[in-house]
Amino acid sequence: MVRGKLILICQHGGEFVPKDDGSLSYSGGEAHALDISPETVFDDLKYTLAEKSNLELKSLTIKYFLPGNRRTLITLSNDKDLKRMYDFHENSVTADVFVTGTKGFVPVNLGTQAKRKIGSKKGAASAAGPATSKVARTAVGLKDVTVGIATPSDSVAGVNATLRSPTRAAKRTAGRNIVDGLFEVSVADATDCGTDTIDMSASPADTVKKRRRTASWRSGANGLTIVTAADDLEDTRKTPSRKKVDRKCNTVAVADNMNLIPAPPSDASPDILVEFWKNGITGEGQDFRSVAEFRDALQKYAIAHRFGYRLRKNDTNRAYAVCAVEGCPWKIHASWVPSASVFRVKRVDEPHTCDDESRKTATPAKKNWLVNIIKDRLRDSPHHKPKEIANGILHDFGLELNYAQVWRGIEDARQQLQGSYKEAYGQLPWYCEQIEKTNPGSFTKLLIGDDRRFQRLFLSFHATVYGFQSGCRPLLFLEAIPLKSKYHEILLTATGLDGDDGIFPVAFAVVDDENEDSWHWFLEQLRSAVSTSRPLTFVSDRDKGLMKHVLEIFENAHHGYSIFYLMDSFIQNLKGPFHGEGRGSLPGCFLAAAKAVRLGGFRMYMEQIKRVSSSAYDWVMQNEPEYWANAFFKGELYNHITLNIAESYANWIEEARELPIMQKIEVLRCKIMELMESRRVESSNWTTKLTPSKQEMLQEEFAKASGLKVLFSSDTLFEVHDNSINVVDIVKQHCSCAMWKPTGLPCHHAIAVFNCTGRNVYDYCSRYFTADSFRSTFAGSINPASTIAHPVGNEEDHEEEEDDEQIMPPIARPLGQQQKKIRRNKSQGIIRRSVCCTRCKGVGHNKVSCKASVTPDTNITDMTVSL
């Protein structure tokens with residue numbers, strides 16, 4: 001689903017009914033539908049739900065289920081929870097929410113924000129006239145202070161407004177709107193006081209004098225209070241000037257006769273925006289609320305008309321701009337008019353005499369505008385490339401931007417959308433605490449260097465560790481995946497296999513660099529998290545050299561080389577000449593040799609490789625078959641797994657490659673959570689004793705067992721005849737064909753014995769392949785942290801913690817150096833592939849350029865070799 005509106009199905013008045021499988025269903029009640037977007041404000045949604053459901057606002061609670069999880073209800077309590085719910089349902093059209101509370105809706109006042117709809121951006125307020133305004137809605141625990149506002153019209157002289165005092169964020173946005181005599185001010189607390197009447201028709205000087213004679217604000221133990229002039233005389237010197245307060249709060253009085261330019265729709269296309277911007281500057285006498293509004297209108301006007309300009313004068317009282325093309329007479333001058341409290345255009349010299357070609361040398365695009373445009377494009381497609389964005393801006397607005405401009409704009413836009421990449425490292429200690437708090441039994445470890453730079457973070461959830469210990473084979477694959485981030489961190493993973501041969505993430509770590517020290521540290525943390533008495537088998541890339549660390553840290557452990565990486569290296573380093581069946585037969589022979597459980601089978605396939613290429617045979621024997629061939633390996637067999645386990649993690653990371661470090665980890669947590677939930681739901685519908693893949697393998701063995709002759713030697717020892725004679729020992733679960741124990745499933749010889757003796761074949765299958773064991777693996781659940789974003793809180797409360805929690809990102813290593821290191825490791829001791837001629841078997845040329853004359857030989861078959 002394209003990121004846009006999400007339809008909420010809001011249900012109330014019913015009750016939850018538990019089912020046999022532990023899930024919950026909602027029965028009875030009524031339902032309403034509401035649209036929300038990423039910009040929806042939680043307080044507005046809560047108020048709307050209270051009104052539609054006829055419930056008291058203070059007692060209202062909103063809950064929802066995660067997609068695919070009908071067991072655990074998640075509570076919505078703030079904007080961040082709402083944003084997270086929207087992200088969880090990004091691929092859905094609708095989402096169910098459940099509303100509870102005390103009956104009886106009591107309307108509260110919405111003030112200037114009464115007309116803000118669900119989905120409007122936070123802080124956006126509609127300009128309402130005094131005659132139609134409502135009394136402002138106050139948050140719980142806030143007091144209302146009535147302030148009378150005298151307007152130029154006698155018919156609206158008694159309009160009241162409300163002074164509200166919520167959070168620190170509300171203080172920063174206080175008093176931003178004064179339109180047609182209606183204004184709003186935020187204070188910390190307001191005690192009972194008289195009415196302060198402000199005459200908007202009076203001059204600024206008269207207003208200041210009257211305010212000094214009546215009342216002022218004082219900061220006390222109970223916050224900001226209104227005091228009389230007599231009480232405030234002693235603190236006059238400490239009070240900041242009106243000019244400084246106005247600049248800080250950006251509060252500007254607006255004249256009644258101001259001609260406001262209508263704003264374009266929020267979802268307007270670039271073509272519509274440009275048409276609106278063309279009328280942003282209408283000429284002399286045009287008024288603006290502030291110099292900032294004038295600058296914004298001028299910039300958009302220049303973009304729409306495609307010319308550049310330079311600001312010769314640019315301060316809070318005046319602005320003077322000229323065309324960027326030398327010799328062009330276009331200029332504009334505007335300044336502040338104190339008597340009218342507006343920023344007015346005084347002079348405009350038109351038209352332009354410059355041509356289009358000369359205008360391309362200067363761009364009117366400023367940083368803030370460019371960042372806002374890029375933000376909108378990144379919301380639609382987070383992985384936009386700089387070149388794609390530059391081409392889009394050129395097409396939509398006619399602006400030619402270089403790569404560096406767009407790159408810096410993308411960096412700033414992502415910081416505004418996702419938060420600072422550097423500051424995210426300082427949130428990691430808090431995030432670890434939240435994970436351990438919401439997921440009891442989970443294990444986290446954060447390592448910071450002496451220079452306060454991030455080094456390593458280890459994380460394993462209790463649900464994954466429990467699932468590995470209760471339902472997975474004692475087998476772990478070790479992988480390293482680049483995070484493709486600004487600082488080139490590496491993701492280290494330990495992954496098991498479930499009963500259906502699917503990946504099962506057990507633990508992972510983010511490290512600043514992949515080396516022996518980081519792997520040693522990761523394995524030490526893994527041993528602390530996964531405490532088991534079972535001898536474990538570890539599988540990794542041979543080039544990483546992890547065997548020493550594995551055997552040192554884990555007792556009775558085994559270490560093998562990944563068949564995936566061995567196969568890849570084998571194919572890339574084949575060297576001619578090739579004989580017999582040719583080069584194409586070598587990969588199959590190599591994989592068959594690795595899977596052969598008998599020594600004779602391994603030797604047979606190795607002889608086939610030797611007949612085709614002696615150099616390939618030498619390469620195989622030099623790569624220590626005792627650590628990857630089933631015929632020699634002593635640990636848990638794994639060579640039937642030929643998939644690239646790292647690819648699954650790489651796909652997950654690709655979705656979050658642009659996110660800060662904490663949000664990357666959160667994406668990984670969500671992916672693991674979704675994986676466990678989906679497989680838990682999937683397995684609940686199984687009706688077979690074994691997992692689907694193992695049940696299919698067993699059915700194939702059943703088909704082979706029909707018609708075999710079984711001879712009884714004893715109650716536990718049998719002789720089975722087919723093309724050969726095989727001995728089956730049901731106590732030791734062993735067959736002379738050597739296929740029972742390695743696979744964990746009875747071979748067709750053993751199944752023939754069970755058919756004759758009436759035994760249940762499922763009693764002799766490995767417990768790891770049963771459906772019950774699979775369900776046990778995914779029985780646990782991973783709970784989300786209480787909130788994705790780090791709580792801001794009061795600055796005073798965190799001043800002492802900031803120094804302690806300040807964590808710097810790792811030093812970014814040059815990417816070229818890292819790639820060079822990887823290439824060097826892979827090329828050590830490896831013979832590079834060369835071209836081989838299929839005609840003369842020579843090296844360095846092919847049959848097209850072959851100059852040798854070859855005598856036909858009936859014993860030689862001419863074959864086309866695919867190089």
Side-chain angles (χ1 to χ4, degrees), residues 473 475 497 499-501 537 563 580-581 585 587-611 625-626 628-642 687-773:
R473 285 158 283 179
L475 180 64
L497 294 176
D500 206 35
D501 287 339
T537 297
I563 193 64
E581 297 180 356
S585 65
C589 293
F590 175 75
L591 187 60
K595 293 183 176 181
V597 294
R598 289 181 173 180
L599 182 60
F602 174 82
R603 290 175 177 173
M604 179 185 68
Y605 291 114
M606 289 305 299
E607 287 297 324
Q608 293 181 12
I609 294 176
K610 189 175 183 179
R611 286 195 297 268
E626 62 270 22
W628 52 266
N630 288 346
F632 304 99
F633 192 64
K634 303 300 182 183
E636 188 80 11
L637 300 185
Y638 59 89
N639 279 338
H640 62 289
I641 304 297
T642 57
T687 57
T688 57
K689 292 285 187 180
L690 303 181
T691 61
S693 63
K694 303 305 178 183
Q695 183 68 33
E696 183 179 353
M697 293 174 59
L698 192 63
Q699 292 298 328
E700 293 177 356
E701 296 298 322
F702 265 107
K704 297 178 184 179
S706 60
L708 297 183
K709 182 179 180 180
V710 179
L711 300 179
F712 288 69
S713 176
S714 65
D715 293 339
T716 60
L717 196 63
F718 304 87
E719 191 175 287
V720 181
H721 292 246
D722 53 4
N723 296 331
S724 60
I725 299 176
N726 295 275
V727 178
V728 177
D729 190 334
I730 62 175
V731 174
K732 297 180 179 180
Q733 295 190 1
H734 174 76
C735 178
S736 57
C737 72
M739 294 302 298
W740 184 353
K741 195 169 185 179
T743 61
L745 297 175
C747 61
H748 57 282
H749 306 115
I751 293 176
V753 172
F754 299 148
N755 291 338
C756 292
T757 58
R759 289 180 171 87
N760 189 350
V761 67
Y762 294 106
D763 294 339
Y764 296 89
C765 296
S766 172
R767 71 176 184 89
Y768 299 119
F769 301 151
T770 63
D772 291 338
S773 181

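Quick note: numbers below take in every heavy atom, side chains included, and nothing from hydrogens, waters or symmetry partners. For reference, positions follow the sequence shown, starting with 1.
- Under the rule for a side chain to side chain donor-acceptor pair (under 3.5 Å), His734 has no partner lying at least two apart in sequence or in another chain.
- Using a distance-only test at 3.5 Å, with no hydrogens or angles considered, a donor-acceptor pair links the side chain of Thr537 to the main chain of Glu636.
- With sequence neighbours excluded, the residues that form a side chain to side chain donor-acceptor pair (under 3.5 Å) with Ser693 are Asp500.
- Closest approach of Pro746 to Ile751, counting heavy atoms only: O-CD1, 3.9 Å.
- Between the Thr716 side chain and the Val731 main chain, no donor and acceptor come within less than 3.5 Å of each other.
- Remark: Glu626 CD is packed, more than 12 non-hydrogen atoms of other residues, nucleotides or ligands lying under 6.0 Å away.
- Annotation: side-chain contact (heavy atoms from CB on, under 4.5 Å) contacts of Ser724 (sequence neighbours excluded): Asp722, Asn726.
- Between Asn755 and Phe702 the shortest heavy-atom distance is OD1-CE2, 4.1 Å.
- By the ring-ring contact (aromatic ring centres under 6.0 Å, His included) test, Tyr762 is found to be paired with no residue, residues two or more places apart in sequence or in another chain being considered.
- The ring-ring contact (aromatic ring centres under 6.0 Å, His included) check on Phe769 picks up nothing, with sequence neighbours excluded.
- Looking at residues two or more places apart in sequence or on another chain, you find a salt bridge (Lys or Arg N to Asp or Glu O under 4.0 Å) between Asp772 and Arg775.
- Taking the ring-ring contact (aromatic ring centres under 6.0 Å, His included) definition, one finds that Tyr768 meets it with nothing, sequence neighbours left out.
- Met697 has its side chain out of reach of Thr691: every pair of non-hydrogen atoms, C-beta onward, lies at least 4.5 Å apart.
- Take Phe712 and apply the ring-ring contact (aromatic ring centres under 6.0 Å, His included) test, not counting sequence neighbours, and it matches Phe718.
- Nearest heavy-atom pair, Lys595 versus Asn630, reported as atom, atom and distance to 0.1 Å: O-ND2, 3.2 Å.
- Applying the salt bridge (charged side-chain N to carboxylate O under 4.0 Å, His left out) rule to pairs touching residues 746-771 yields nothing, sequence neighbours excluded.
- Taking both residues in full, the closest heavy atoms of Leu745 and Lys694 are given as CD1-O, 3.8 Å, listed atom of the first, atom of the second, then distance.
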Which pairs would a plain distance check flag for residues 600-608, meaning a side-chain donor or acceptor within less than 3.5 Å of a matching protein atom at least two apart in sequence or in another chain?
none

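- Between Ile563 atom CD1 and Ile641 atom CD1 the span is 12.0 Å, to the nearest 0.5 Å.
- For Glu701, the side chain to side chain donor-acceptor pair (under 3.5 Å) test picks out His748, with sequence neighbours left out.
- Listed by chain and number, the residues in a side chain to side chain donor-acceptor pair (under 3.5 Å) with Glu700 amount to none (sequence neighbours excluded).
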